[in-house]
Novice: 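First, the structure itself, so that you have it in front of you.
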Amino acid sequence: MTDTTAPHDVYRPDLVEAKWQARWAERHTNEPDLDGAARPFYNLMMFPYPSAEGLHVGNMYAFTGSDVYGRFKRLQGYDVFEPLGYDAFGIHSENYAIKVGVHPAELIPRNIANFRRQLTRIGLMADWRHELSTTDPAYYKWTQWLFLQLFKAGKAYKKKAAVNWCPNDKTVLANEQVIDGHCERCGAQVEQRFLEQWFFRITDYAARLLANLDDRSKMDWSATTTTAQRNWIGRSEGAELAFATDAGPLTVFTTRPDTVFGATFMVLAPEHPLVPALTSDAQRAAVEAYRAQAAAQDLVSRKVGDKAKTGVFTGGFAVNPATGTRIPVWIADYVLMEYGTGAIMAVPAHDERDFAFATQYALPIVRVVAGPDQAADTPLAGAYVELEGARLVNSAQFDGMAPADARRAITEWLAARGAGALRVQYRLYDWCISRQRYWGPPIPIIYCDACGAVPVPEQDLPVVLPPIDDFRPDDSGISPLARHEEWYYVPCPRCGATARRETDVSDTFLDSAWYHLRYPSTEFADRPFDPARTRRWCPVTTYIGGNEHAVLHLLYSRFIAMVLHDLGHLDFEEPFARFRAHGLIVKDGAKMSKSRGNVVVPDEYIAKWGADAFRMYLMFLGPYEEGGDFRDAGINGIRRFLDKVWQLVGQAAQAAPGDEVTKAVVAKWHRTKKKVAEDVEALGYNTAIAALMEMLNVLRDGHVVERTIAEEFVVCLAPFAPHFAEECWERLGHETSVFDARFPGWDPALLVDEVVELVVQVNGKTRGKVSVARDAAEAAAVAAARAEPGIARFLEGQAVRKVVHVPNRLLNIVVAPA
RNA sequence: GCGAACGUGGCGGAACCGGCAGACGCGCAGGACUUAGGAUCCUGUCCCGCAAGGGGUCCGGGUUCGACUCCCGGCGUUCGCACCA
């Protein structure tokens, strides 16, 4: 080392960061008073799934952004609670455990220890007293309790449902595990099976879940997230219409009752219960073959959009309630049993799918809507779906009506004849929470031959997941737990007879749907969440997380909170008062994933540059809510910045009290403080950092370093570079944490300089600038501009037509030849 | 197909309510200090032009004294949802 600067002027993140992490732990710096906090602020980040690979840069980005915000709130005087935990149950862990041949119960604690090390290293303001893992019986006891509350309230039920089944791995697959109709792991063709599954009645809450999205008093969320939820819930207004058949009335849902006169055939989902009754003897063999083929398909490829339409005529007929015509009934897999009534009236003239189907099978097409310049018999090249200026044709007394008016009129007309009703339909399905796997909380139900499905009594919770070695799923289609008789057979809690446990475990999303309620109350063994604690800290003040959870996790959490509210356990129904979606950090344009081999591990960067430089660099990459591509070019710039601040603090620490700075520097500083505070509040971290860099450049430009400014500067920097700021703060003579300081205020009177530069334009083109006194009048500004030769030459021989004066900013002189 | 976001130097990005386009950083170029520099410091860095000046925010129109910003029409990228009746 031949460094010529004094040793104390070299900033050493390797020593400083460890020092402060130890001190924060010793001094309980990050632990708010959960029972007495006067200004509670619950700052939540999405807890990670503790993978074997450790946290990647994307995780760090998410956590750091949330931590910056939490630390900023702390500096504003809030009692910030920033807990962390692990979403450690689930199929990821289990599959990985199977792959490496180590039991997940052994693997997970190892991974958690590594995560905790990384999370500590990056310098999060985490309250480790309240760390939790969803795999801890003390946690999932209450996940099971939650299930029981829903069960008792009639919000949990069991029904047969289609699942993806891999005949080779002999297991149920999630939709994401099916690639092109094949198992992602073994490549075998996936089939459909019908299994008994537990569901939660989230559809009962569809209307409320949707309505609250617009209620700012309950939830202030990123627009991208509310939009995603709105689409997911998928509200459609339409009508339910009844078509008479020999097998009884056949009900359909349609958003276009105005086109009922054009319904020339009907299509049922292959699984529709009325299919056997409608099928003629002549068609029975073909219908059965088609149904079998549909059942053999996996759920994913069944729903792929562009594939050719297929179907079979059942031989049965229905009567169009509007026209009285007999129309054929078909089955086709483009009609889904899960949506609407599982049956449609097909209007080929005005629906693209029906048009394709009718063309394929030479079914009649009748136009009932015509465009502004079309006759009732203008031939159709495809489905006519335009509504603008359209009117009904071939629709008896409704001819000439606009489709929007006809919807109501026709539905009412049919309703009067007992064949229709207005109805709202949602796209949302009930939430299937059953998993025929091992690594999850056992669903707390006992089956008794005499008593049926009996809930496990609450005092018997938790139903502990037994530590079995053969946790692999097998071909039975039931959970591995069923193979363990000592666990499986249990006395019925109601009658005492030998009964059997439910062997399914619950979905990981149930674990994460209530973790925010547990954090403040982790030390209470006898209740899921303490009422007083919950009242003080919940709902979550600010939740920052990835938009990949915009629908599932965030919607399920809202649903669970709503149910708990209705059952009297919570006095709010929306769990996250404010939610902000951060952007995604990608690498080379693609999402980071192990299979792509583009995962960036943060540890080496942190080791090389320090946690603070790395944190700041991530926050400086671009707008936090947009994310971006990770590259390491430029992290050096942040390090340089910190080194310069370090030197500045060194100068300030030695500055004499009487040293004064110019008014221009003071004004710049007040503008900077204002900008940093406003930008951080809006998650504009990149521009907040840029503002501090700009200020630093001003301070370094030969100005005296005033102690007050240096101290305030360090506080402004603290949310981004907490260890660095602590060390600077100490160096400036403070004995307490910089996070016990207050974020500096600013004086509105000092924001504008006494002399301002005015941009002068002639006919909208910038021709120069002049210095004028602040708030100078227009006449004075024009005079100053005319006095400037470079500007005056453009005014020579010209008549002034108009002057536009924006005080302290711009002067535009509009001229024309005299 | 539907929905949402976006398009600015070599790169990441900035620009409040319509008011100096390119802040801040990276990179690059030149210089200083050095045995050395991949450290540090200084200067420069949208394009054309010696200059005066001109052009410039995906493309084409429009509104305006003035447009990256607003309006109309294209093109392109990214992300959701996707046979939802």
Side-chain angles (χ1 to χ4, degrees), chain A residues 1-5 223-228 230-232 234-236 238 252-256 259 267 269 302-309 332-336 338-347 350-354 356-357 385 425-429 547-548 550-551 583-584 586 589 591 616-617 620-623 625-638 640-641 643-644 675 678 684 686-697 700 757-769 790 793 801-806 808-815:
Chain A
M1 282 287 248
T2 55
D3 205 309
T4 51
T5 46
T224 52
T225 313
T226 51
T227 302
R230 219 168 269 124
N231 292 342
W232 189 263
R235 184 178 195 272
S236 296
V252 302
F253 173 74
T254 177
T255 53
R256 297 289 307 273
T259 63
V267 187
R302 163 104 185 245
K303 291 190 182 181
V304 170
D306 295 334
K307 75 172 190 191
K309 299 276 178 290
D333 66 1
Y334 81 93
V335 176
L336 308 172
E338 307 92 277
Y339 187 74
T341 63
I344 61 160
M345 64 172 201
V347 184
H350 307 290
D351 180 280
E352 282 164 18
R353 296 152 303 178
D354 297 345
F357 194 79
V385 295
Q425 170 72 34
Y426 295 95
R427 204 197 73 114
L428 187 68
Y429 302 142
N547 227 7
E548 68 271 19
V551 284
L584 194 66
V586 298
K591 196 172 167 174
M616 252 185 115
Y617 178 62
F620 189 59
L621 272 177
E625 289 176 278
E626 285 171 33
D629 211 298
F630 181 81
R631 64 212 170 268
D632 48 19
I635 188 165
N636 201 20
I638 297 291
R640 279 203 276 258
F641 168 73
D643 283 341
K644 288 172 192 169
K675 181 165 176 56
E678 288 173 354
N686 56 332
T687 49
I689 292 169
L692 289 171
M693 288 175 164
E694 236 183 283
M695 185 66 206
L696 178 75
N697 290 342
R700 280 167 53 80
E757 281 214 318
L758 207 58
V759 173
V760 181
Q761 300 182 331
V762 178
N763 286 349
K765 280 191 187 295
T766 303
R767 294 302 183 186
K769 18 185 123 163
R793 45 189 281 246
R801 287 286 153 86
K802 184 176 180 179
V803 173
V804 180
H805 180 227
V806 183
N808 299 329
R809 211 178 267 251
L810 170 135
L811 183 70
N812 186 13
I813 303 171
V814 183
V815 297

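Per chain, numbering begins at 1; letters A, B, ... match sequence-line order.
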Novice: Remember a base hit wins even if backbone is also touched, and classify A:Val814 as base, sugar-phosphate or nothing at under 4.0 Å, heavy atoms.
Specialist: sugar-phosphate

Novice: Calculate the interatomic distance between A:His805 atom NE2 and B:rG66 atom P; express it in whole Å.
Specialist: 19 Å

Novice: Give one of base, sugar-phosphate or nothing for A:Lys769, where a contact means two heavy atoms less than 4.0 Å apart.
Specialist: base

Novice: With the side chain of A:Asn231 defined as its heavy atoms from C-beta on, choose the nearest nucleotide among B:rG3, B:rA82, B:rA23.
Specialist: B:rG3

Novice: Could you tell me the separation between the NE2 atom of A:His805 and the CG atom of A:Asn808, rounded to the nearest 0.5 Å?
Specialist: 7.0 Å

Novice: Is there a side chain to side chain contact (heavy atoms under 4.5 Å, CB included) between A:Met345 and A:Thr254? Walk through the geometry before answering.
Specialist: CA-CA 8 Å; A:Met345 64 172 201; A:Thr254 177; 3.8 Å; yes

Novice: When you measure from the side chain of A:Phe620, which nucleotide among B:rA85, B:rG25, B:rG55 comes out closest?
Specialist: B:rG25

Novice: What integer number of Å spans the P atoms of B:rU69 and B:rU8?
Specialist: 13 Å

Novice: Please say whether more than 12 non-hydrogen atoms of neighbouring residues, nucleotides or ligands are located less than 6.0 Å from CD in A:Glu352.
Specialist: no

Novice: Hey, does A:Gln425 reach any base, or is it just sugar-phosphate, or nothing, if we go heavy atoms under 4.0 Å?
Specialist: nothing

Novice: For the C1' atoms, the ones on B:rG66 and on B:rA15, what distance do you get once it is rounded to whole angstrom?
Specialist: 16 Å

Novice: With rounding to the closest Å, how many angstrom separate the C1' atoms on B:rC71 and B:rC83?
Specialist: 37 Å

Novice: When both hydrogen-bonding distances must be under 3.5 Å and the geometry is Watson-Crick or G-U wobble, what is B:rC70 paired with, if anything?
Specialist: B:rG62

Novice: With respect to the side chain of A:Val804, which nucleotide from B:rG19, B:rC83, B:rC24 is positioned closest?
Specialist: B:rG19

Novice: Starting from P on B:rA82, measure out to CD on A:Glu338 and report it in whole angstrom.
Specialist: 12 Å

Novice: Mapping A:Gly790 and A:Ile635 to their closest nucleotides on RNA chain B, which lands nearer the 5' end?
Specialist: A:Ile635

Novice: A:Asn812 side chain: which of B:rG19, B:rG3, B:rA23 is closest?
Specialist: B:rG19

Novice: How is A:Arg235 classified with respect to the nucleic acid when contacts are heavy atoms under 4.0 Å: base, sugar-phosphate, or nothing?
Specialist: nothing

Novice: Where does B:rG56 fall, syn or anti, if syn means a chi angle no more than 90° from 0?
Specialist: anti

Novice: Mapping A:Gly637 and A:Lys644 onto RNA chain B by nearest heavy atom, which one lands closer to the 5' end?
Specialist: A:Gly637

Novice: From CD1 of A:Ile813 over to C1' of B:rC65, roughly how many Å is that when rounded to an integer?
Specialist: 12 Å

Novice: Would you mind telling me which of B:rC24, B:rG19, B:rG12 lies closest to the side-chain atoms of A:Arg631?
Specialist: B:rG12

Novice: Now, which nucleotide makes the Watson-Crick or G-U wobble pair with B:rU34, with each of the two distances under 3.5 Å?
Specialist: none

Novice: Ignoring the backbone of A:Ala690, work out which of B:rG13, B:rC24, B:rC81 is nearest its side chain.
Specialist: B:rC24

Novice: Using modelled atom types only, decide if a donor and an acceptor are shared between the side chain of A:Tyr429 and the backbone of A:Tyr339 within a distance under 3.5 Å.
Specialist: no

Novice: Can you say whether a donor on the side chain of A:Arg809 sits under 3.5 Å from an acceptor on the base of B:rC16, or the other way round?
Specialist: yes

Novice: Could you work out the separation of B:rA23 and B:rU43 based on their P atoms and round it to a whole Å?
Specialist: 15 Å

Novice: Could you check how far CD1 of A:Ile689 sits from C1' of B:rG12, rounded to whole Å?
Specialist: 13 Å

Novice: Taking the side chain of A:Thr687 as heavy atoms from C-beta outward, which of B:rA14, B:rG3, B:rA85 is closest to it?
Specialist: B:rA14

Novice: Tell me what A:Lys675 touches on the nucleic acid: a base, only sugar-phosphate, or nothing, going by heavy atoms under 4.0 Å.
Specialist: nothing

Novice: In whole Å, measure the gap between the P atoms of B:rG1 and B:rC48 for me.
Specialist: 41 Å

Novice: Consider the side chain of A:Met693, meaning its heavy atoms from C-beta on, and name the nucleotide among B:rA85, B:rC26, B:rG25 that approaches it most closely.
Specialist: B:rG25

Novice: Hey, are the side chains of A:Asn763 and A:Val815 touching, using non-hydrogen atoms and a 4.5 Å cut-off?
Specialist: yes

Novice: Which part of the nucleic acid does A:Asn697 contact within heavy-atom distance under 4.0 Å: base, sugar-phosphate only, or nothing?
Specialist: sugar-phosphate

Novice: Hey, are the side chains of A:Leu621 and A:Glu626 touching, using non-hydrogen atoms and a 4.5 Å cut-off?
Specialist: no

Novice: Please examine the side chains of A:Tyr617 and A:Phe630, heavy atoms only from C-beta on, and report whether any two atoms are closer than 4.5 Å.
Specialist: yes

Novice: Going by a 90° cut-off around 0, is B:rC59 syn or anti?
Specialist: anti

Novice: Return the pairing partner of B:rC2 with a 3.5 Å limit on both distances, Watson-Crick or G-U wobble; otherwise return none.
Specialist: B:rG80

Novice: If we only count heavy atoms from C-beta on, is the A:Asn812 to A:Lys802 side-chain gap below 4.5 Å?
Specialist: no

Novice: Mind checking the C1' distance from B:rG56 to B:rA67? Whole angstroms is fine.
Specialist: 14 Å

Novice: Using the P atom on both, measure B:rG61 against B:rC11 and round to a whole Å.
Specialist: 26 Å

Novice: Would you call the rings of A:Phe357 and A:Tyr334 parallel, tilted or perpendicular, where under 30° means parallel and over 60° means perpendicular?
Specialist: tilted

Novice: A:Asn547 CG to B:rC79 P: how many Å, rounded?
Specialist: 13 Å

Novice: According to a strict under-4.0 Å criterion, is A:Thr341 in side-chain N/O contact with OP1 or OP2 of B:rA85?
Specialist: no

Novice: Check whether any side-chain N or O of A:Arg427 sits under 4.0 Å from OP1 or OP2 of B:rC2, and answer yes or no.
Specialist: no

Novice: Starting at atom CD of A:Gln761, determine the distance to atom C1' of B:rG18, rounded to an integer number of angstrom.
Specialist: 12 Å

Novice: With both distances under 3.5 Å as the test, what is the Watson-Crick or G-U wobble partner of B:rC46?
Specialist: B:rG55

Novice: As a test of reading the structure: which of B:rA85, B:rC81, B:rG53 is closest to the side chain of A:Val335, going by heavy atoms?
Specialist: B:rA85

Novice: Separation of A:Leu621 atom CG from B:rA14 atom P, in whole Å?
Specialist: 12 Å

Novice: Does B:rA15 pair with anything, Watson-Crick or G-U wobble, both distances under 3.5 Å, and if so, with which nucleotide?
Specialist: none

Novice: Mind checking A:Asn686 for me? I need base, sugar-phosphate or nothing, with any heavy atom below 4.0 Å counting as a touch.
Specialist: sugar-phosphate

Novice: Take the protein atom CZ of A:Arg640 and the nucleotide atom C1' of B:rC41, then report the distance between them rounded to whole Å.
Specialist: 11 Å

Novice: Please confirm whether the shortest side-chain N or O distance from A:Arg700 to OP1 or OP2 of B:rU40 is below 4.0 Å.
Specialist: no

Novice: Could you work out which one of B:rA23, B:rG3, B:rC20 sits closest to the side chain of A:Thr766?
Specialist: B:rC20

Novice: A:Leu692 and A:Leu696: side chain to side chain contact (heavy atoms under 4.5 Å, CB included), yes or no, with the steps?
Specialist: CA-CA 6 Å; A:Leu692 289 171; A:Leu696 178 75; over 6 Å; no

Novice: I'd like the P distance from B:rG25 over to B:rA14, given in whole Å.
Specialist: 15 Å

Novice: Counting only Watson-Crick or G-U wobble pairs whose two distances fall under 3.5 Å, which nucleotide matches B:rA23?
Specialist: none

